[in-house]
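Residue indices begin at 1 and follow the sequence shown.
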Amino acid sequence: SVDKAGNKSFEITRTFYVDQAAPVVRASASHPVNASTNTDSERTVTISGSVTESHGIKSFTINGEDCKSLIQNDGSWIYTNTPTSDGTYTYKIIATDNADRNYSLTKTVIVDTGFPSIPSITVKNTTILPDSDNSSVWFGSKILSVVVKVTDNTDGSGIASVEYVVLDSDSEANATSLADSEWTAMSPDTGTDYKSPVIIDSDDENQKLYIRAIDVAGNVKYFNNDSTDASLDEYARHVPVQINIDTSTPDLSANYYQVGSGNVKAVSGSVYTNGSSPITVYGNYSDGVSGIQALTFKLGETTISPTVTY
């Protein structure tokens with residue numbers, strides 16, 4: 001500057017930056033948090049990302065908390081937060097540069113450390129409860145309708161899938177040795193039920209049916225055990241359901257007969273009697289698989305109840 005007397009001041013220089021671009025923020029969250037990675041008391045949410053800004057960051061906040069000190073020299077940052085309970089949490093991230101331009105984004109994280117529940121399954125109208133003994137139940141078909149009742153825990157992330165796999169009873173494989181692709185997904189049915197026809201393609205009479213429910217957070221619950229101890233491996237947390245299959249018919253024969261106190265004769269073709277004396281029929285029946293449930297008799301189309309001696 002120059003005054004009226006012609007005196008000149010020293011020259012000074014100041015730099016002004018025109019910044020028309022807002023900061024660029026990138027973020028990814030540990031979504032979701034589940035019991036496989038955290039215990040119930042350690043529901044730690046981790047959000048990481050980067051901030052890019054040529055002329056400097058004035059402020060960086062997450063849900064109003066000053067997080068500018070988290071930004072490293074290369075612009076990367078990591079933020080952790082531990083909610084006190086399960087639920088859905090929203091994190092708003094705002095970066096403001098020195099020109100007061102800002103960029104914001106929101107990350108939603110589901111915190112779910114609880115397991116789904118499988119109160120019961122129904123196999124061809126036979127209801128099986130957790131820890132129940134169904135070793136004496138037999139099915140006469142290799143195509144079984146299976147219905148699984150599933151619920152998620154309170155504040156849970158929701159059921160993602162219900163799946164099954166069938167193995168021979170003497171198979172050395174178990175659920176932990178199977179790839180996810182070997183499980184078959186069931187279809188949602190009414191209410192909280194999932195349903196699927198289960199086809200037994202083995203000749204083994206005794207099968208192992210594994211059922212598992214997976215929630216959105218990735219928590220896995222297997223039927224027949226209520227353990228929620230994440231330190232246990234998957235196989236220790238469940239017991240398979242025994243499925244007994246018998247598609248063979250029982251053996252039945254009527255070999256001899258006796259009218260009154262007469263001679264015992266072999267049955268051959270039609271037997272005629274005048275009806276004045278009782279008839280005794282001798283035969284055999286057996287079933288080497290599931291066993292005989294009942295022996296019934298008919299005279300023509302009428303069911304009768306004769307005296308039976310075994």
Side-chain angles (χ1 to χ4, degrees), residues 12-117 150-162 180 188 192 212-221 227-232 234 237:
I12 61 174
T13 300
R14 294 291 184 268
T15 302
F16 291 87
Y17 293 98
V18 178
D19 185 358
Q20 295 183 323
V24 177
V25 180
R26 297 288 183 266
S28 61
S30 56
H31 172 70
V33 177
N34 60 41
S36 299
T37 56
N38 294 277
T39 63
D40 287 349
S41 60
E42 296 175 344
R43 300 176 174 89
T44 302
V45 174
T46 301
I47 305 175
S48 60
S50 63
V51 179
T52 303
E53 169 55 50
S54 301
H55 303 295
I57 292 296
K58 182 178 181 180
S59 67
F60 181 67
T61 63
I62 300 179
N63 282 1
E65 179 185 349
D66 182 7
C67 296
K68 184 178 178 181
S69 61
L70 299 179
I71 302 175
Q72 305 301 304
N73 292 334
D74 61 357
S76 64
W77 54 270
I78 298 176
Y79 169 84
T80 59
N81 174 257
T82 304
T84 57
S85 61
D86 287 0
T88 301
Y89 294 87
T90 300
Y91 297 87
K92 187 172 184 179
I93 305 164
I94 303 175
T96 305
D97 63 17
N98 289 320
D100 286 329
R101 292 184 178 277
N102 63 64
Y103 182 97
S104 67
L105 59 82
T106 299
K107 286 294 178 183
T108 300
V109 179
I110 298 173
V111 178
D112 180 4
T113 58
F115 289 89
S117 175
V150 182
T151 58
D152 200 15
N153 56 299
T154 304
D155 294 325
S157 53
I159 300 299
S161 66
V162 176
D180 287 341
T192 61
R212 72 179 185 180
I214 306 173
D215 64 20
V216 174
N219 299 300
V220 181
K221 171 65 179 180
S227 173
T228 56
D229 186 352
S231 67
L232 296 176
E234 292 180 0
R237 290 205 301 266

All heavy atoms of Asp66 vs all of Thr61, minimum pair found to be CA-CG2, 4.3 Å
Here the gap from Phe115 atom CZ to Asp152 atom CG, rounded to the nearest 0.5 Å, amounts to 11.5 Å
Interatomic distance, OG1@Thr52 vs CG@Asp74, rounded to 0.5 Å, equals 9.5 Å
For the residue pair Ala217 and Ser157, what are the closest heavy atoms and their distance? N-OG, 2.9 Å
Kindly indicate, with the supporting measurements, whether the criterion side-chain contact (heavy atoms from CB on, under 4.5 Å) is fulfilled by Thr90 and Thr108. CA-CA 4 Å; Thr90 300; Thr108 300; 3.8 Å; yes
Output the distance between atom CG (Asp100) and atom OG (Ser59), rounded to the nearest 0.5 Å. 8.0 Å
Could you tell me whether the side chain of Thr80 reaches within less than 4.5 Å of the side chain of Thr46, counting heavy atoms only? yes
Test item: Tyr89 and Asn63 side chains (from C-beta on) under 4.5 Å apart, heavy atoms: no
Distance-minimising heavy-atom pair for Leu105 and Val25: CD2-O, 3.5 Å
In Å and rounded to the nearest 0.5 Å, what is the CZ to OG distance from Arg212 to Ser161? 7.0 Å
Rounded to the nearest 0.5 Å, the CH2 atom of Trp77 sits from the OG atom of Ser48 at a distance of 6.5 Å
Ile159 and Pro116 have their tightest heavy-atom pair at CD1-CB, 3.7 Å
Asp112 side chain reached by Asn219 side chain, heavy atoms, under 4.5 Å: yes
Gap between atom OG of Ser50 and atom CD1 of Ile78 - 0.5 Å precision: 11.5 Å
Side-chain donor or acceptor of Lys68 paired with backbone N/O of Ile57 under 3.5 Å: yes
Check the pair Thr44 / Thr82 against side-chain hydrogen bond (donor to acceptor under 3.5 Å, both in side chains), numbers first and verdict last. CA-CA 4 Å; Thr44 302; Thr82 304; 3.3 Å; yes
Note: Glu53 and Asp97 closest approach over all heavy atoms is OE1-OD2, 3.3 Å
So, do Ile93 and Ile47 sit near enough that their side-chain heavy atoms are less than 4.5 Å apart? yes
Taking every heavy atom of Asp86 against every heavy atom of Gly114, the minimum-distance pair comes out as OD2-N, 3.7 Å
